[in-house]
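The structure appears right after this line, and notes come after that.
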Amino acid sequence: MHAPIKTRFAPSPTGLIHLGNARTALFNALLALRHGGVFLLRIEDTDRERSRDEYIHALIEDMRWLGLDWQEGEAAGGAQAPYRQSERGTLYEHYYEQLARAGRVYPCFCSEQELKLSRKAQLNAGQPPRYSGKCSHLSSDEVAAKVAAGLRPTLRFRVPKGEEIVFTDGVRGAQRFRSDDIGDFIIRRADGTPAFFFTNAVDDALMEVSHVVRGEDHLTNTPRQILLLQALGLPVPSYAHISMITGSDGSPLSKRHGSLGIGELREAGFLPGAVVNHLARLGHYFGHDDYKELAGLAAEFETARLAKSPAAHDDGRLLYWQKAALLKASFEELWEWVGAEVRDRVPAEDAQSFIAALRDNLVMRADALRWAGRLYDEQLELEQENIEIVQAAGGDFFRHALEALTLHGPRFKELADEVKQRSGVKGKALFMPLRVALTGEQHGPEMGRVLPLIGMERARRRLEVWVNTR
């Protein structure tokens with residue numbers, strides 16, 4: 001039997017999660033769900049200055065809102081607790097010592113300025129920038145003297161010479177890296193805090209993560225982490241590096257493109273299913289545009305369908321999925337979604353009919369609020385174009401409409417047929433003035449659904465406004 005799949009999402013709590021973070025979490029959740037595995041949430045908070053508990057709380061709220069449930073990790077517990085890296089320092093020290101005993105690490109006293117000059121010289125010479133190895137041969141006496149002088153070293157991993165690191169990426173296929181191009185890298189900073197390369201790899205192994213789906217910007221980190229895990233005798237997970245998300249201009253997605261954080265999307269009125277279905281298509285091929293719940297998306301999720309090329313975010317596509325999500329939502333979900341201001345304006349007895357009438361015309365909450373006003377306000381404000389439409393119909397047209405309303409009540413089809421018979425007007429010239437006079441809009445929900453919501457008295461007052469039109 002195959003070991004169960006375990007994936008993870010391991011964010012740093014230094015800010016609010018955005019679409020790129022959320023997509024990484026989603027793909028890992030879908031992969032685990034697809035195979036009946038475990039999805040783990042780990043908090044990589046080793047950046048003491050920038051990590052904030054408030055960001056962890058916001059992260060959890062955002063993930064739960066999206067429906068990305070995790071079975072192990074932060075706020076869920078598990079056998080490998082704690083799941084915040086800031087609380088795993090003793091464990092990391094054990095593995096630093098193991099590497100030291102094996103001669104695989106050494107203290108480095110090079111200043112940032114020295115390293116910067118070295119990188120610049122290598123680039124000018126057309127060489128890949130990597131650590132020169134200056135401190136790799138310091139004797140124990142030289143190290144002791146520098147420490148006694150108050151210098152605080154970083155800890156570097158000693159990369160073996162002349163080796164090739166080979167692995168198969170779940171998205172990009174066979175990958176080969178020369179160890180001589182990598183250079184010895186830092187695994188513990190001068191202030192004693194562990195570096196990403198180290199903690200990320202060690203925790204994946206200890207937490208038995210089998211599959212790592214992450215951004216392509218981590219691809220060159222992978223050979224370093226494989227070397228670390230091999231040196232420690234720890235298992236190496238399978239890696240899949242997903243393409244980045246771009247804006248419409250092809251540059252990395254940012255606020256400049258109108259990109260919002262997950263919390264901001266929630267506050268703006270997007271439904272979680274809309275965001276999930278949108279993100280699922282950013283870099284993964286499904287072959288259809290059918291709205292799916294998480295289980296349905298997971299059933300079709302395969303790393304082989306992840307694209308190598310960048311995935312372009314399009315606000316129009318997000319709105320498409322928003323509309324699809326609204327069409328799938330229950331009455332209770334939509335009545336909650338429209339917000340308190342709409343619920344206050346729509347009579348309780350009309351709630352079901354209001355949602356049924358508007359469902360096909362809703363995209364954002366503002367649409368519901370606007371139509372609540374159009375249906376229930378006593379005074380309709382019309383734009384000049386719409387004023388011209390009703391004025392062109394003339395007073396006689398609206399006298400016929402009032403008579404038809406008296407005869408047929410709020411049954412729009414019968415009302416329109418009566419006006420047609422009395423006035424001889426048909427088609428657009430019949431329906432448009434009636435719609436505009438009654439709702440203030442040229443387009444919208446079916447009049448047969450909205451006229452009963454407007455009601456007899458309100459409809460009568462709206463038609464009477466135009467009776468004296470010449």
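Numbers here are sequence positions counted from 1. Hydrogens, waters and symmetry mates play no part in the numbers below; they use all other heavy atoms, side chains included.
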Between Arg42 (side chain) and Glu74 (backbone), is there a donor-acceptor pair under 3.5 Å? no

Is it true that atom NZ of Lys146 has more than 12 heavy atoms of other residues, nucleotides or ligands lying nearer than 6.0 Å? no

At their closest point, which heavy atom of Leu282 faces which heavy atom of Ala311, and how far apart are they? C-CB, 3.5 Å

How close do Arg152 and Asp191 get, heavy atom to heavy atom, and via which atoms? NH2-CA, 3.4 Å

Check this for me: Gln98, atom CD, are more than 12 non-hydrogen atoms of other residues, nucleotides or ligands nearer than 6.0 Å? yes

So Arg214 and Thr222, side chain to side chain donor-acceptor pair (under 3.5 Å) or not? Walk me through it. CA-CA 11 Å; Arg214 59 185 181 181; Thr222 303; 2.9 Å; yes

Would you call His18 and Leu253 a side-chain contact if the rule is heavy atoms closer than 4.5 Å? no

Strictly below 4.0 Å, N to O, side chains only: are Glu61 and Arg266 in salt-bridge contact? yes

Taking atom types as modelled, find out whether Ser86 and Asp45 have a side-chain donor-acceptor pair closer than 3.5 angstrom. yes

Straight-line distance of Ile56 CD1 to Ser51 OG, nearest 0.5 Å: 7.0 Å

Say whether, by atom type as modelled, one donor and one acceptor occur between the side chain of Ser210 and the main chain of Lys6 under 3.5 angstrom. yes

Ignoring hydrogens and geometry, is there a side-chain-to-backbone donor-acceptor pair from Asn277 to Gly273 under 3.5 Å? yes

Closer than 3.5 angstrom, by distance alone: can the side chain of Gln175 be matched with the main-chain N or O of Arg172 as a donor-acceptor pair? yes

With a 3.5 Å distance limit and no angle check, can you tell me whether Arg188 reaches the backbone of Ala195 through a side-chain donor-acceptor pair? no

Look at Arg224 together with Asp184 and state whether they make a salt bridge at an N to O cut-off of under 4.0 Å. no

So Val338 and Arg343, do their side chains get closer than 4.5 Å, heavy atoms only? yes

State whether the side chain of Trp337 and the backbone N or O of Gly269 hold a donor-acceptor pair below 3.5 Å, judged by distance alone. yes

Hey, which of Asn200, Asp203, Asn28 is the one that makes side chain to side chain donor-acceptor pair (under 3.5 Å) with Arg8? Asn200

Flag side-chain contact, heavy atom, 4.5 Å: Ile187 against Val105: yes

Less than 4.0 angstrom from a charged side-chain N to a carboxylate O is my criterion; do Lys292 and Glu300 meet it? yes

Going through the distances and angles, do Phe9 and Asn21 end up as a side chain to side chain contact (heavy atoms under 4.5 Å, CB included)? CA-CA 9 Å; Phe9 179 48; Asn21 304 135; 4.1 Å; yes

For Asp350 against Tyr376, the heavy-atom pair lying closest together: OD2-OH, 2.8 Å

Crowded around Glu332 CD? As in, over 12 foreign heavy atoms under 6.0 Å? yes

Would you say CD of Glu93 has more than 12 non-hydrogen atoms from neighbouring residues, nucleotides or ligands within 6.0 angstrom? yes

Could you tell me if Arg52 sits above the aromatic ring of Tyr55, with its cationic atom closer than 6.0 Å to the ring centre and no more than 45 degrees from the axis? no

Give every residue pair that meets the ring pair (Phe, Tyr, Trp, His ring centres under 6.0 Å) criterion with at least one member in residues 64-106, sequence neighbours excluded. Tyr96-Phe198

Evaluate the ring pair (Phe, Tyr, Trp, His ring centres under 6.0 Å) criterion for residues His211 and Phe39: first the C-alpha distance (whole Å), next the side-chain angles of each, then the deciding distance (0.1 Å), finally the verdict. CA-CA 10 Å; His211 290 71; Phe39 177 43; over 10 Å; no

Please test Ile165 against Arg176 for side chain to side chain contact (heavy atoms under 4.5 Å, CB included), starting from the C-alpha separation and ending with a verdict. CA-CA 6 Å; Ile165 303 94; Arg176 295 178 179 274; over 6 Å; no

Applying salt bridge (charged side-chain N to carboxylate O under 4.0 Å, His left out) as the test, list every pair that has at least one member in residues 122-145; sequence neighbours left out. Glu114-Lys134

Going by heavy atoms in the side chains, are Ser140 and Val143 under 4.5 Å from each other? no

Are the side chain of Thr24 and the backbone of Gly20 linked by a donor-acceptor contact shorter than 3.5 Å? yes

Inspect the surroundings of CD in Glu381 and state if more than 12 heavy atoms from other residues, nucleotides or ligands are less than 6.0 Å away. no

Would you list the pairs meeting ring pair (Phe, Tyr, Trp, His ring centres under 6.0 Å) in which at least one residue belongs to residues 261-309, sequence neighbours left out? Phe27-Phe301, His278-His313, His284-Phe286, His284-Phe301

With a 6.0 Å cut-off (strictly less than), is the heavy-atom count around CD of Glu293, excluding the residue itself, greater than 12? no

Among pairs that include at least one residue of residues 146-173, which meet ring pair (Phe, Tyr, Trp, His ring centres under 6.0 Å), considering only residues two or more places apart or in two chains? Phe157-Phe185

Can you name the nearest heavy-atom pair linking Tyr239 to Leu229, along with the distance? OH-CD1, 4.2 Å

For His218 and Phe197, I'd like to know if the aromatic rings sit close, meaning centre-to-centre distance below 6.0 Å. no

Mark yes or no for whether Ser12, through its side chain, and Thr14, through its backbone, hold a donor-acceptor pair below 3.5 Å. no

Sequence neighbours left out, what pairs pass side-chain hydrogen bond (donor to acceptor under 3.5 Å, both in side chains) with at least one residue falling in residues 353-365? none

Measure across Phe177 and Leu219 and return the closest heavy-atom pair with its distance rounded to 0.1 Å. CZ-O, 4.2 Å

Does the pair Gln442 and Glu385 meet the rule for a side chain to side chain donor-acceptor pair (under 3.5 Å), with working shown? CA-CA 10 Å; Gln442 295 183 37; Glu385 180 184 4; 3.2 Å; yes

Pairing of Arg178 and Glu164 as salt bridge, 4.0 angstrom limit: no

CG-CD distance between Leu358 and Glu446, expressed to the nearest 0.5 angstrom: 11.5 Å

Working to the nearest 0.5 Å, report the span between CG of Leu68 and CG of Asp62. 10.0 Å

More than 12 heavy atoms of other groups within 6.0 Å of Gln379 CD: no

First locate atom CG of Leu26, then atom CG of Leu297, and finally report the distance between them rounded to the nearest 0.5 Å. 7.0 Å

Between Asp169 (side chain only) and His241 (backbone N and O only), is there a donor and an acceptor less than 3.5 Å apart? yes

Check the pair Met63 / Ile262 against side chain to side chain contact (heavy atoms under 4.5 Å, CB included), numbers first and verdict last. CA-CA 9 Å; Met63 289 186 64; Ile262 299 303; over 6 Å; no

Which atom of Val275 lies closest to which atom of Leu318, heavy atoms considered: CA-CD1, 4.2 Å

So does Ile454 get a backbone contact from the side chain of Arg458, meaning a donor-acceptor N/O pair under 3.5 Å? yes

Is there a salt bridge (Lys or Arg N to Asp or Glu O under 4.0 Å) between Arg84 and Glu44 once you walk through the steps? CA-CA 6 Å; Arg84 295 191 186 190; Glu44 301 204 336; over 6 Å; no

Partner residues of Arg119 under the side chain to side chain contact (heavy atoms under 4.5 Å, CB included) criterion, sequence neighbours left out: Glu112, Leu115, Lys116, Pro129

